[in-house]
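See structure below.
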Amino acid sequence: MQFNTNLPFFEWLHSDPEHFPLASQFNSIMSTYYQGRPSWIEEGFYPVHDNLIQGARDDEDNVFLVDVGGGSGHDLVEFLSRWPGAPGRLVLQDLPAVLDDIVALDPSIERMAHDFFTEQPVKG
């Protein structure tokens, strides 16, 4: 199938309401891709506590983890369920249209519209 466009993939997906079902399907695939597979936050896979949590700054203004292009927030929701005491803020970044499609998200996870082809607004 040829789409005759010079737009980048994500721009093209959101450029026309006719493409929205494809965007929804893409987001669903990305949300379910790792189901049934080990996650990086599981004990024994990556030492999350020793390498990330231990020694992290715990001021409430500090950002602990940013999920860039995080879709529906599934990875941050999983992280929060396994490491509820992690210090700092959890930030979910994706395109506005993707964030607008999220039906439910833990209120402690911040939504931030961001195009990962532009400069990262979260510093430090």
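Values in this document were obtained by computation on a predicted structure and should not be read as measured data.
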Determine whether a donor-acceptor pair (N or O, by modelled atom type, separation under 3.5 Å) exists between the side chain of [X] and the backbone of [Y].
{"X": "Asp67", "Y": "Leu92", "answer": "no"}
{"X": "Arg89", "Y": "Asn62", "answer": "no"}
{"X": "Glu42", "Y": "Ser39", "answer": "yes"}

Transitively linked via ILVMFWY side-chain contacts under 4.5 Å: [X] with [Y]?
{"X": "Leu52", "Y": "Val77", "answer": "yes"}
{"X": "Leu99", "Y": "Val66", "answer": "no"}
{"X": "Leu80", "Y": "Val122", "answer": "no"}
{"X": "Ile102", "Y": "Val91", "answer": "no"}
{"X": "Phe64", "Y": "Val48", "answer": "yes"}

Atom [atom1] of [X] and atom [atom2] of [Y]: how far apart are they, to the nearest 0.5 Å?
{"X": "Asp94", "Y": "Arg111", "atom1": "CG", "atom2": "CZ", "result": "11.5 Å"}
{"X": "Trp83", "Y": "Leu65", "atom1": "CH2", "atom2": "CG", "result": "13.0 Å"}
{"X": "Tyr46", "Y": "Trp40", "atom1": "OH", "atom2": "CH2", "result": "7.5 Å"}
{"X": "Asp106", "Y": "Phe79", "atom1": "CG", "atom2": "CZ", "result": "12.5 Å"}

Gln120, CD atom: more than 12 neighbouring heavy atoms under 6.0 Å: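 Yes, because the 6.0 Å sphere around CD of Gln120 holds more than 12 heavy atoms from other groups.
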Worksheet item: Just wondering, are more than 12 heavy atoms of other shown residues or ligands nearer than 6.0 Å to CZ in Arg57?
Response: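 No - once you tally the heavy atoms of other residues, nucleotides and ligands closer than 6.0 Å, there are 12 at most.
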Provide the closest heavy-atom pair for [X] versus [Y] in the form atom of the first, atom of the second, distance.
{"X": "Gly70", "Y": "His74", "result": "O-CE1, 3.7 Å"}
{"X": "Ile53", "Y": "Pro87", "result": "CG2-CD, 3.9 Å"}
{"X": "Gly73", "Y": "Leu105", "result": "CA-CD1, 4.2 Å"}
{"X": "Gln93", "Y": "His114", "result": "OE1-CD2, 3.3 Å"}

